[in-house]
Every structure is written in structure tokens, then in C-alpha cells.
Amino acid sequence: RAKDLGGNNFQFYTPTMNESARERLEIENALRNGLERAEFVLHYQPQVDLLTGAVVGVEALLRWQHPELGLVAPGGFIGIAEEMGLIVPIGAWVIRSACAQAKAWQRAGFGNLRVAVNLSARQFSHEDLVSLIANTLEETGLAAECLDIELTESLVMTDVDRAIAILTELRSLGVQISIDDFGTGYSSLSYLKKFPVDVLKIDRSFVNEIALQSKDAAITDAIISMAHGLGIRVIAEGVETEAQCEFLSRSMCDEIQGFLFSEALPAASITSLLLEERRLPDHFLRMHKPSR
Ligand code: C2E
Ligand code: MG
Ligand code: MG
Ligand code: MG
């Protein structure tokens with residue numbers, strides 16, 4: 001803590017520790033200012049339906065437009081914001097902006113486009129979460145079923161009973177629940193029947209190797225079959241190559257997200273992509289593949 005560095009204790013810190021503590025303080029201050037100065041922006045990555053090839057949703061991904069550092073990816077600051085608790089107000093801003101933007105796209109005529117937002121542990125354990133989401137939906141006018149809440153397995157597994165209670169409340173609002181990075185956490189499959197879950201997002205570490213590694217292919221196939229058996233949709237993350245997309249299509253995956261179709265883009269670029277009605281080419285689509 002910053003206050004521990006004061007007074008006579010100062011001499012006990014090595015220069016390296018001082019340096020990193022000071023660096024840390026600078027980042028904390030800059031983050032606090034960043035929120036006040038509206039330096040955060042959302043980029044959006046398309047989620048593409050493998051039946052139609054159309055963009056059916058977007059995932060909101062946070063970026064920090066720092067005056068000197070430029071555009072900072074979440075890996076560079078989310079952890080610190082989480083530890084500071086600043087992720088709570090930042091996260092509230094994310095939910096509001098994402099809902100408002102999705103509603104704007106819907107008003108512009110782009111169907112019932114969904115928007116997905118990522119929640120951190122701090123936000124998930126915050127008592128106001130459900131009312132925050134309910135109020136935001138009401139204020140922005142976005143239909144609840146168009147909002148997708150992404151949570152990681154480890155986040156929901158830390159306190160299973162509490163998680164089930166919160167997810168049930170969120171579900172009753174009508175929002176969708178996605179398990180992000182599926183397969184990298186506990187993977188306690190038996191819990192899936194207890195959790196009210198709409199979507200599994202297969203982690204990109206599996207997707208990476210599906211065209212090359214028969215084990216990852218088998219795991220991915222199994223996740224998709226199991227999810228469908230439970231009435232859960234599947235989105236594959238980090239789809240970069242045609243071979244990966246073809247495999248997922250044959251395995252009856254529902255949607256893909258990844259650099260093959262598009263990286264995360266500023267809202268204006270998503271608007272252009274939607275205006276052009278950019279789609280995934282027909283030969284990638286599920287109906288064009290013989291079932292296995
Ligand atoms: P995530 O939710 O699993 O998001 C997917 C990450 O993979 C994104 O990184 C995205 O840009 C990247 N990605 C997408 N397609 C591909 C691909 O084809 N290949 C590769 N190599 N990467 C791909 P990003 O934007 O840096 O976000 C990293 C993580 O930060 C996210 O992982 C999420 O856990 C977290 N995050 C992002 N935005 C927020 C937010 O608003 N709130 C919270 N709490 N966390 C966020
Ligand atoms: Mg995510
Ligand atoms: Mg993910
Ligand atoms: Mg991830």
C-alpha cells in the first residue's frame with residue numbers, strides 16, 4: 001500500500017521495490033484519472049452464426065486510450081483495476097456503453113444484434129450487480145435477451161451456491177449467461193446441470209490445435225455434443241484459420257469468433273461491417289457440410 005511507504009520505513013525498501021511500488025501507484029492514479037477523463041473505449045468483435053454466416057452478436061472488449069501509452073489492451077490494466085476495486089465503476093461503464101451501443105445498432109436496423117460483456121470477480125460479488133444490470137437495460141431500452149454476460153468457470157466455481165443464486169436472478173431478468181474460456185478452469189462438468197447457462201465459449205487454446213491435434217479435436221467435439229445435449233449453445237473463440245472453421249462447422253458448433261472473420265474493432269468499423277452485410281462464405285456454413 002502507498003501509505004506503508006511513508007516516513008522512516010522508506011529506507012528499508014530496495015530501489016527495485018521502490019521503483020515498482022511507484023510504478024504501480026502511477027498506474028493506479030492514471031486508471032482513476034482515466035475513468036474521469038473518459039479514456040476507456042470499447043472495441044467489438046463479431047460473433048458469426050455458422051448456419052447463416054451472419055453477424056449475430058458482438059463481444060465488447062475494453063481498451064484504455066492512454067494519452068502517452070496509446071491503446072492499452074485489458075491484459076495491461078484489468079488485474080490492477082480489479083485489485084483496486086476500480087473495476088466496479090469501470091465495469092458499470094462497460095455495461096452501460098455496450099448496451100447503449102447495441103441499442104443504437106438495433107435502431108439503425110441491424111436486427112436483434114446481441115452484445116456480450118465480460119464480468120470480473122469483483123463485479124460478480126458486488127451486491128448491486130443485478131439491479132445495475134436491470135437499471136441499465138431499462139435506461140438504454142435494450143431487450144434483456146440481447147445482453148450476454150460472460151463469466152469464467154473459476155469465477156462461478158469459487159462460491160457455487162452464491163453463483164447459482166446470482167445467475168438465477170440474472171436469468172430471470174432475461175439476460176443470457178455465457179461461460180467464457182470453457183475448458184481452462186475447473187471443467188467440473190457436473191456443475192453445468194446446476195448452473196443456468198445459455199452458452200459455452202470454447203477456449204482458444206483448444207481451437208488453436210483442432211485441425212492439427214486429434215486430442216483437442218476430440219475434446220472440442222465432446223464439448224459441443226455435451227453442450228447441445230444440455231440445451232446449451234456453443235461459441236468457439238479465437239478461430240484464426242479456415243481449417244479450424246471447417247472443423248467447427250462439421251462439429252455443429254453454433255457460432256465462431258476470431259481473427260478469421262474479424263478482430264475486435266471500434267464501433268464505427270462494426271457499423272460499416274454491418275452495413276456491408278459482411279458474412280462468412282457459404283462453404284464454411286453448417287448446412288453445406290455432410291453430417292459426421
Ligand atoms: P476474453 O473475454 O476471452 O476475450 C477474448 C480475447 O481474445 C480478446 O482479447 C480478443 O481480442 C482475443 N481474440 C479474439 N479473437 C482472437 C483470435 O482469433 N486469435 C487470438 N490470438 N486472440 C483473439 P483482449 O481484448 O485483449 O481481452 C483479453 C481479456 O480481457 C478478455 O478475454 C477478458 O477476459 C478481459 N476483458 C476484456 N474486456 C473486459 C471488460 O470489459 N471487463 C472485464 N472484467 N474483463 C475484460
Ligand atoms: Mg469474453
Ligand atoms: Mg474467452
Ligand atoms: Mg480469454
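Side chains are part of it too, since the values below use all heavy atoms of this structure and drop only hydrogens, waters and symmetry mates. Counting starts at 1 for both ligands and their atoms, in listed order.
In this structure, CZ on Arg279 lies 10.0 Å from CG on Asp49, to the nearest 0.5 angstrom. Atom-to-atom distance recorded for Phe77:CZ and Ile90:CD1 is 6.5 Å, nearest 0.5 angstrom. Atoms CG and CG, from Leu86 and Leu31 in turn, are 6.0 Å apart once rounded to the nearest 0.5 Å. Taking CD1 of Ile177 as the reference point, atom CD of Glu150 lies at 11.0 Å (rounded to 0.5 Å).
Looking at Thr152 against ligand 1, nothing comes within 4.0 Å, counting heavy atoms. At a heavy-atom distance under 4.0 Å, no atom of Glu263 approaches ligand 1. By the criterion of a heavy-atom distance under 4.0 Å, neither the backbone nor the side chain of Glu82 is placed next to ligand 1. With a 4.0 Å cut-off on non-hydrogen atoms, Asp181 touches ligand 1 through its side chain and not its backbone. By the criterion of a heavy-atom distance under 4.0 Å, the side chain of Gln45, and not its backbone, is placed next to ligand 1. Residue contacts with ligand 1, taken as heavy atom pairs separated by less than 4.0 Å, involve Val94 solely via side-chain atoms from C-beta onward. With a 4.0 Å heavy-atom cut-off, ligand 1 is reached by no atom of Ala264.
Taking 2.8 Å as the threshold, Ser178 does not count as a candidate ligand of the Mg ion (ligand 2), since none of its N, O or S atoms lies below it. The Mg ion (ligand 3) has no N, O or S atom of Asp203 inside 2.8 Å of it.
In this structure, Arg204 fails the cation-pi test against Phe259, since its NZ or CZ atom is not both closer than 6.0 Å to the six-membered ring centre and inside 45 degrees of the ring normal.
Between Glu209 and Lys215 there is no salt bridge, since none of the side-chain N atoms of the basic residue sits less than 4.0 Å from a carboxylate O of the acidic one. Under 4.0 Å is where a charged nitrogen must lie from a carboxylate oxygen, and between Arg22 and Glu26 no such pair does.
For Gln257, the heavy-atom gap to ligand 1 stays at 4.0 angstrom or more. At least one heavy atom of Glu59 sits under 4.0 Å from some atom of ligand 1.
Note: Trp64 and His66 have perpendicular aromatic rings, judged against thresholds of 30 and 60 degrees for the angle between ring planes. Ring-plane geometry between Phe40 and Trp93 is classed as tilted, the angle between the planes lying from 30 to 60 degrees on a 0 to 90 degree scale.
In terms of distance to the Mg ion (ligand 2), the nearest N, O or S atom of Glu150 is named OE1. Sorting the N, O or S atoms of Glu59 by how far they are from the Mg ion (ligand 2) puts OE2 first. Between the Mg ion (ligand 3) and the N, O or S atoms of Glu237, the shortest distance is to OE2. When you scan the N, O or S atoms of Asp181 for the one nearest the Mg ion (ligand 3), you land on OD1. As for Asp180, its N/O/S atom nearest the Mg ion (ligand 3) is the one called OD1.
On a distance-only criterion, Asp180 and ligand 1 share at least one N/O pair closer than 3.5 Å. By the 3.5 Å distance cut-off applied to N or O atoms, Leu260 is not counted among the residues near ligand 1. The distance criterion of under 3.5 Å between nitrogen or oxygen atoms is not met by Gly258 with respect to ligand 1.
Heavy atoms of other residues, nucleotides or ligands lying less than 6.0 angstrom from CG of Asp159 number more than 12. Atom CD of Glu138 sits in a sparse spot, with 12 or fewer heavy atoms from other residues, nucleotides or ligands closer than 6.0 Å.
Between the side chains of Glu39 and Asn33, not a single donor N or O lies within less than 3.5 Å of an accepting N or O.
Under a 4.0 Å criterion applied to the non-hydrogen atoms of Arg63, ligand 1 contributes the atoms 11 (O), 24 (P), 25 (O).
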